[in-house]
Amino acid sequence: MNSVNLSRLLFPIFLLLLIASIGYILITSKNEALIDERYLEISKNMKTHLESLIKEKQDAILQMSLAMSQDQKIKNALLSKDSLNINLKEFSLKLKNNTNLKNIWFQIVDAEGKSFYRSFSNKTGDSLVKARSDIDKMIKDPQIITSISAGKFAISFKTMVPIYENDIFIGMFETLGMFDSIIQKMQENNEHTIMLIDKSYKDQLVYVDKTKFIQNYFIVNDKADEKLLDYIKAYSIEAVINCEDNSTVCLSPHSVVSVYKLNDEHGKPMAYFIMSYNLDEINLNDIFQVRNILFLVFGGLLFVGYILFLYFQSKKNLIKNLNFKLEDLVKSKTKELTYLAHHDALTGLTNRFLFLEIVKNTIESAKRHNSKFSILFLDLDRFKDINDTYGHYMGDLLLKSVAKRLKSCVRAEDIVCRLAGDEFAILLKNVDDDGLLAIVEKIIHSIGQSIELQNNVFNITISIGISCFPRDGSDVDILMSNADTAMYKAKEIGRDTYQFYDKKMSESALNRVILEKNLKIALQENQFEAFYQPQIDTTTGEIIGAEALIRWNSPKLGFVSPADFIPVAEQTKLIIKIDLWMMRETMNQLMNFQKCGIDIKKLSLNVSAKQLESKEMIADLKNILKETGFDASRLDLEITEREMMKNPEATIVIINEIKKLGISISIDDFGTGHSSLAYIKRLPIDKLKIDKSFVDELPHDKEDVAIVRSVISIAKNLQIDIIAEGVETHEQRDFLLLEGCPKIQGYFYSKPLNANDYKEFLLKHNI
Ligand code: C2E
Ligand code: CA
Ligand code: CA
């Protein structure tokens, strides 16, 4: 697992812990605040309780003093100055036993300020005026005085009420109360209270138990809560009495501590009530219940959040996975598409597009490194015939095996490309001339081996043109076009071979382009003319007919020989239109002759293989015959042996169609096309034309003599008519006549003639 995955896994856990801890802190701090509030409330309650107890006691004492001040018995005693009958000790005891008012003491003071009666002592008659300012104050201005004050024993509540008899001030009644009962009441309420007298009273407290001082503060309590006492002792008393203010609570280890300060009449601290409430006694269940509910809700939310997180995470992962899959698909499809864009679907070879790119790059690097390379332009010979005869499926299979063979002839670093159809190209880097030729010859040899496909044996050949960088061009288009030109040259010189590009070749290619352009114009502008070369039967001297031959006198190029422009026209299919023009033109002219009463004999027309392949051939022929009114039986079509043998089966079919129209057929240039006798037998032909090349050297060349003799005998055996062309001399004519070929065409009798001259010729010989 890598660090990225680890951090992806740890991050949510970390986040979860973080949220949980923040939640925990928030809830517990809120909880603590609630508890503090509760403590503060308890602290305040203790104070108000104490306050109310103090007030209650003060009131009770006052009530008592007021009641006693009205007592007639006391008044009488004062008036008679005899205190013997007064016994308030018992009253005090009764109060202690029967009421909440414990430790209540009484004193009666006379109008002069002398102690008249004390319930807590037998001592009487001592003057208190000097010792006590409040008594002095009362004598001077009798009124109700209540106070809490510190004496020599402790701190006590005091109430003084004036006693009157007939509106004359006769004395005062004083009630003293201790704090014990209050402390006890607090105690009963679980509010443990320790009452301390401020250290400033230490010297004043002469009649107290000295052991009850802590840090100079006097403890009033009889019994004090030990835990609280320990707490006070452990800390300085100042710290304890100042440990709280209005908003904070003071806590001992066991209790809530609250301090009530009691000041003297001058506002100075006099006593302290340190109250404590045991923590164990405080019921915090409701707060904890709230806390638990909060924890539960928060935990639940966290859990739901976590489940949602997991859910979305898994969704995210799902989407992520889908994304990955989609990305993979896009990648593989893109790869596929790029492959398809750069390769030929049938053979799997590099296609033209990629090949040109590679050649471009190769040119760049060859320029940098001063190196050479070569491009081969390859074209299968007569592949079209195979395609037409055996169908495209077989053609495709053949192309595949050719591709395989080409690959096997080159090195791994060489690029083999299918340009289109049966055209291929090969880029050869880092080879010298010998190496290059070795590869080229290997290719020609390899393709020349028969290919067996689905019980058919194919013998095909290939023509190769070669251009070399930098000699033949430094640009991809030029190099490709020059290799193409060289390939055409290889085709021209007989196919199944290779040619290097040279400049002359490109000139002839240029000528081809110019010719083609001008041929189109010639057709449009009617620049052609039909010539007729008569054919003579030497035995009678009679004209048997004429071969129509096209002539082109171009305003731009001058006279162009059909031997030059017919091959170009054949390559571009212009030949079909040209041949149709010739048919229409010659038939029209001869019909005109006929109308003049001239016996026009037979008309031989040259038709190219392209014309035969044309689907409209038969229909066109019919149309022209109908249009001109020319008699089909006077028409003869010359087809060269070479063209016929390109696809003999197809030729047989079309010739039969033509013959059905009543037209006769001649094999032109016979002897040059290597036809087999078997085929000639099957071809429905009427006439053989012995080629001029065999006539030229007659009767001296033995080979030609032998060939001509055998051709004549074949014709005789097959009962086919025969004629010799290119006869120029007596000797030639005599030899042919002697051998049994009296029909002759050639300069001996006449050169090709224009229409008028031919008309004259016919007229002359008709007579
Ligand atoms: P080809 O069909 O073999 O025509 C005979 C050629 O031999 C003609 O050349 C003709 O002028 C020439 N010739 C005839 N007798 C003699 C002779 O005694 N001595 C010499 N030196 N030459 C002789 P041409 O007219 O130059 O035609 C050349 C080729 O062009 C023809 O060969 C034919 O294949 C083709 N051609 C001519 N006209 C047409 C046409 O209208 N259509 C088609 N498709 N091809 C044509
Ligand atoms: Ca001919
Ligand atoms: Ca010929």
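The structure presented is a predicted model; accordingly, all values stated were derived computationally and were not measured. These numbers come from the heavy atoms of this one structure, side chains and all, not from hydrogens, waters or symmetry mates. All residue numbers in this chain count up from 1 along the given sequence. First listed ligand is number 1; within each ligand, the first listed atom is number 1.
- With the Ca ion (ligand 2) as the vertex, OE2 of E547 and OE1 of E638 span 90° to the nearest 10°.
- Not a single N/O/S atom of T640, whether from backbone or side chain, sits less than 3.0 Å from the Ca ion (ligand 2).
- Ligand 1 places these atoms under 4.0 Å from at least one heavy atom of E728: 17 (C), 18 (O), 19 (N), 20 (C), 21 (N).
- Contact annotation: for D669 versus ligand 1, heavy atoms closer than 4.0 Å belong to the side chain alone.
- Residue-ligand proximity: R551 is placed with a non-hydrogen atom under 4.0 Å from ligand 1.
- Annotation for ligand 1: atoms under 4.0 Å from non-hydrogen atoms of P752 are 11 (O).
- The 12-atom threshold is not exceeded at NZ of K400, counting heavy atoms of other residues, nucleotides or ligands nearer than 6.0 Å.
- Residue L698 holds its CG atom at 9.0 Å from CD of E739, rounded to the nearest 0.5 Å.
- Figure legend: R733 and F748 shown without cation-pi pairing, the cationic atom not lying both under 6.0 angstrom from the six-membered ring centre and within 45 degrees of its axis.
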* Just do the side chain to side chain donor-acceptor pair (under 3.5 Å) check on S604 and K687 with the steps written out, would you? => CA-CA 11 Å; S604 282; K687 204 194 282 177; 4.6 Å; no
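- The minimum heavy-atom distance between D757 and L753, with the atom names listed, is CB-CB, 3.8 Å.
- Taking the six-membered ring wherever Trp is involved, the centroid distance between the rings of W552 and F565 falls below 6.0 Å.
- Heavy-atom proximity to atom 15 (N) of ligand 1, evaluated over K610, Q611, Q533, is greatest for Q533.
- Only the side chain of D668 comes within contact range of ligand 1, with a heavy atom under 4.0 Å; no backbone atom does.
- In this structure, K751 satisfies the cation-pi test against Y747, with its NZ or CZ atom closer than 6.0 Å to the six-membered ring centre and inside 45 degrees of the ring normal.
- Numbered from 1 in the order shown, with element, the atoms of ligand 1 that lie under 4.0 Å from a heavy atom of E725 read 3 (O), 5 (C).
- If you look at I578 next to ligand 1, there are no close heavy atoms at all, none under 4.0 Å.
- Each of the following atoms of ligand 1 lies closer than 4.0 Å to a heavy atom of D579: 42 (N), 43 (C), 44 (N).
- Contact atoms of ligand 1 toward G746: 15 (N), 18 (O) (distance under 4.0 Å to a heavy atom of the residue).
- Of all atoms in ligand 1, listed by their number and element, those nearer than 4.0 Å to a heavy atom of M582 are 41 (O).
- Heavy-atom minimum distance, M591 versus G629: CE-O, 3.3 Å.
- The minimum heavy-atom distance linking K442 with C409 is given by the pair NZ-O, 3.6 Å.
- The aromatic rings of Y532 and Y758 lie parallel to each other, their planes meeting at an angle below 30°, with 60° marking the opposite boundary.
- Nearest N/O/S atom of D668 relative to the Ca ion (ligand 2): this is OD2.
- When each of K692, K743, K689 is checked for a salt bridge (charged side-chain N to carboxylate O under 4.0 Å, His left out) with E725, only K689 meets the rule.
- Checking only distances, I550 does come within under 3.5 Å of ligand 1, N or O to N or O.
- No part of K751 comes within 4.0 Å of ligand 1, judged by heavy-atom distances.
- Of the polar atoms of Q745, none of the N or O atoms is found under 3.5 Å from an N or O of ligand 1, judged by distance alone.
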